[in-house]
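To keep things clear, I will list the structure first and then write my remarks on it.
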Amino acid sequence: MENKKSLESDKANAEIPERKNFIREMIDEDLKTKKFAGKVHTRFPPEPNGYLHIGHAKSICLNFGLARDYHGLCNLRFDDTNPTKEEQEYVESIMRDVRWLGFDWEDRLFYASDYFDQLYEYAVQLIKKGKAYVCDLNADQIRDYRGTLTEPGKDSPYRMRTADENLNLFQRMRNGEFPNGSRTLRARIDMKSPNLNLRDPVMYRILFATHHRTGDKWCIYPMYDWAHGQSDSIERITHSICTLEFENHRRLYDWCLEELGIHHPQQIEFARLNITYTVMSKRKLLELVEEGHVKGWDDPRMPTISGLRRRGYTPESIRAFADRVGVARRENTSDALWLEECLRNDLNKRAPRVMAVLRPLKLVIENYPDGTVEELEGVNNPEEPAMGSRKLPFSKVLYIEQDDFREVPPKKYFRLSPGAEVRLRYAYIIKCVDVVKSAATGEVVELRCTYDPETKSGSTQSARKVKGTIHWVSAAHAINAEARLYDRLFSAEYPDRENWKDSINPSSLEVLRECKIEPSLAKATPQDRFQFERLGYFSLDDDSKEGALVFNRAVTLRDTWAKIEKS
RNA sequence: UGUCGGGUCGUCUAAUGGCAGGACAACGCCCUUUGGAGGCGUCUGUAGAGGUUCGAAUCCUCUCCCGACAGCCA
């Protein structure tokens with residue numbers, strides 16, 4: 001189907017949110033004072049140790065969005081300073097996800113590992129200035145010497161080594177003369193600082209590990225604090241935007257740059273995204289994958305970008321969500337409903353409508369002629385007349401949704417029940433005259449109805465009104481399909497507030513294999529998105545095969561009836 | 001009893017000394033051949049106590065609450 005192209009063709013610069021936030025105000029001020037020569041250059045700096053999630057999407061939209069709105073640039077930079085955790089697979093997934101979200105780093109794809117030589121030189125400079133030293137303390141000892149949150153630390157016995165000695169030792173660390181963990185290079189700042197990050201932080205550790213890009217060239221690797229700011233500086237970043245947990249690191253970020261006397265970007269911290277009924281840390285998402293709670297990083301129940309994509313989310317809906325949640329410094333947890341609402345909004349305007357019956361109930365129209373097939377006209381999208389219409393085969397034997405029949409209808413139930421009338425969407429008004437039950441189970445297996453030939457949709461006499469309209473498919477023409485219905489992965493609103501795995505929802509996936517869908521769907525291709533009328537938005541899953549279609553329910557339609565029934 | 005940061009409708013976010021506003025949710029009504037979509041309307045908030053001021057969510061003082069930080073992770 002050709003809806004795919006139209007769904008994804010317009011890129012992120014189509015919409016102009018321009019929502020004010022404190023970062024934009026800071027940039028406005030910097031522009032006014034010419035702080036960075038009137039330039040705006042940001043970067044998105046993921047570590048390739050997992051898949052991107054919706055929280056990263058917020059950061060991507062922020063960084064690339066700022067660059068777009070201020071006519072600046074945004075780099076993609078992999079923060080790959082820990083070879084024991086990072087993998088090429090993650091690099092590829094991250095690039096795919098950023099691109100899919102609609103952003104373009106053009107020729108500015110960088111890696112912190114591109115700068116390892118330069119970073120080493122910078123370290124040498126600090127050593128020469130007496131601002132860094134090689135320390136022989138092991139990890140436990142360093143912790144002991146660091147002190148606590150309320151007590152100052154004490155100086156390392158190696159703190160007073162001469163620059164020459166340090167230079168020699170650091171060179172030999174690099175040469176591989178010392179075993180893993182035996183020595184570190186540390187910044188020489190202040191062991192009594194109330195900010196723990198300033199108590200002689202480790203700049204380099206010895207790690208005999210193969211790096212996904214530099215291979216075995218290095219056996220010493222820079223720490224985040226030493227790599228990040230200098231990488232920003234090398235790339236001439238102006239505004240280095242990160243999340244709140246790096247706030248306490250800003251003094252160290254500034255210290256390094258000042259000591260080196262190089263281009264000094266402004267670090268700005270904002271509050272990370274949290275969403276109700278889910279978790280948002282790579283570590284936890286990894287655990288869900290590794291322990292088999294989900295089928296993979298792209299499981300449609302995951303809050304990963306790849307999961308949302310597979311679920312049927314559009315880049316536009318995710319960008320709209322990022323815009324809606326805003327950017328601030330206050331800790332926040334956004335309502336999971338917002339994400340769904342953004343998808344509905346987007347797909348309502350663009351997704352073709354289609355008839356699909358998830359839980360089929362056979363319905364025979366007794367007074368409809370045998371063997372006759374009518375071609376009825378169905379509107380593809382009432383929001384968008386340009387999307388045209390299609391033909392729907394109608395005949396004597398149909399399937400309707402089991403939910404659309406109640407033997408004993410509750411108050412305000414507008415659908416079928418014995419003796420009641422209802423309109424079949426785009427077809428006729430029918431009346432239920434008999435109910436056939438299974439002798440064995442007593443369950444309703446078939447409905448016998450009559451139709452009123454005067455009430456054909458669109459005909460002059462069709463002005464007759466009934467309260468309810470239900471969807472249907474013609475039994476002889478319908479094709480079989482599987483539908484995967486997803487519910488939230490966690491039943492607790494704030495899974496992190498307790499033992500997060502305790503609230504994993506055991507029924508977050510329901511698979512329906514006997515769905516009946518209208519024949520026009522036969523030519524759908526993976527990622528195509530549709531509205532199954534009255535049910536929700538569905539996308540064709542990658543697992544689909546010719547003649548064995550699998551649909552993911554991305555989100556239900558708003559269900560007013562469900563609400564009424566509940567109360 | 002450390003340092004840094006944060007507390008505005010249920011939620012997210014504006015108001016930068018001058019009418020506390022918007023969105024979502026909720027509720028009510030209208031419309032509807034999707035109980036969808038749409039339209040109209042209603043409700044709800046400045047953590048607390050003092051102070052400065054003609055005027056304070058905003059500035060000052062104190063109190064309370066929440067978060068981050070003691071990896072050779074990022």
Side-chain angles (χ1 to χ4, degrees), chain A residues 19-22 25 45-47 49 79-82 84-86 135 137-139 142-144 146-153 180-186 193-199 201-207 220-221 223-225 227-228 242-251 269 271 273 276 282-283 324-338 341-342 344-345 348-349 353 355 379 381-383 412-415 422-427 429 455 457-458 462 465-471 531-536 556-565:
Chain A
R19 185 126 67 115
K20 261 271 182 259
N21 61 48
F22 79 98
E25 284 178 12
E47 183 190 11
N49 68 343
D79 217 337
D80 55 351
T81 56
N82 185 352
T84 64
K85 289 188 178 171
E86 295 151 6
C135 182
L137 259 23
N138 65 33
I142 286 186
R143 191 184 320 116
D144 288 343
R146 184 156 35 225
T148 68
L149 292 174
T150 50
E151 303 154 32
N180 265 346
S182 60
R183 282 178 226 256
T184 55
L185 182 74
R186 294 227 255 163
S193 171
N195 181 338
L196 292 271
N197 297 116
L198 264 23
R199 319 245 261 230
V202 172
M203 296 163 62
Y204 274 94
R205 74 281 214 188
I206 299 173
L207 221 51
I220 57 171
Y221 290 93
M223 299 287 291
Y224 165 86
D225 284 309
H228 201 89
C242 60
T243 45
L244 247 28
E245 66 263 30
F246 293 101
E247 201 172 337
N248 295 332
H249 293 246
R250 192 172 63 238
R251 270 73 190 183
E269 312 87 18
L273 172 70
T276 53
K282 279 195 272 188
R283 198 205 92 226
R324 174 176 293 185
V325 298
V327 178
R329 288 178 65 86
R330 174 190 353 178
E331 311 243 4
N332 61 81
T333 304
S334 293
D335 194 327
L337 291 174
W338 288 13
E341 196 54 35
C342 288
R344 288 192 191 105
N345 257 329
N348 175 48
K349 285 172 288 181
R353 316 281 125 127
M355 302 253 252
V379 173
N381 189 339
E383 302 289 316
K412 293 201 204 160
Y413 185 82
F414 302 156
R415 284 112 97 149
V422 79
R423 174 173 288 281
L424 293 174
R425 178 87 157 143
Y426 298 128
I429 291 176
T455 58
S457 198
S462 74
K465 294 216 190 280
V466 284
K467 206 78 166 135
T469 299
I470 65 174
H471 60 276
Q531 185 197 99
F532 287 4
E533 290 218 28
R534 304 208 307 134
L535 297 172
T556 61
L557 251 30
R558 285 184 55 195
D559 191 346
T560 310
W561 166 243
K563 219 183 289 175
I564 294 170
E565 204 180 19

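Chain A is the first sequence line, chain B the second, and so forth, proteins listed ahead of strands; every chain is numbered from 1. Computed from heavy atoms alone, side chains included, the values below leave out hydrogens, waters and symmetry copies.
In this structure, the nucleotide among rG5(B), rG35(B), rG36(B) sitting nearest to the side chain of R329(A) is rG5(B).
For the pair R330(A) and rU8(B), the criterion of a side-chain N or O lying under 4.0 Å from OP1 or OP2 is met. Between rG36(B) and R344(A), no contact under 4.0 Å exists linking OP1 or OP2 to a side-chain N or O. The shortest distance between the side-chain N/O atoms of R534(A) and the OP1/OP2 oxygens of rG35(B) is below 4.0 Å.
Here the NZ-CD distance, from K349(A) to E383(A), works out to 9.0 Å after rounding to the nearest 0.5 Å.
Across the P atoms, rC65(B) and rA47(B) are found 16 Å apart, a figure rounded to whole Å. Only the C1' atoms considered, rG21(B) is 7 Å distant from rA14(B), to the nearest whole Å.
Residue contacts shown for V466(A) are absent, as no nucleic acid heavy atom lies under 4.0 Å away. Note on Y221(A): nothing from the nucleic acid sits closer than 4.0 angstrom, heavy atoms only.
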Under 4.0 Å protein heavy-atom contacts per nucleotide of nucleotides 63-74 of chain B, with B for base, S for backbone only and - for none: ----SBBBSBSB
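As a whole-Å value, the separation of E25(A) CD from rU58(B) P is 18 Å.
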Base-pairing string, 5' to 3', of RNA chain B - Watson-Crick or wobble, under 3.5 Å, | interstrand: .((((((..((((....[..)))).(((((.......)))))....(((((..]....))))))))))).....
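With sequence neighbours left out, R183(A) forms a salt bridge (Lys or Arg N to Asp or Glu O under 4.0 Å) with D136(A).
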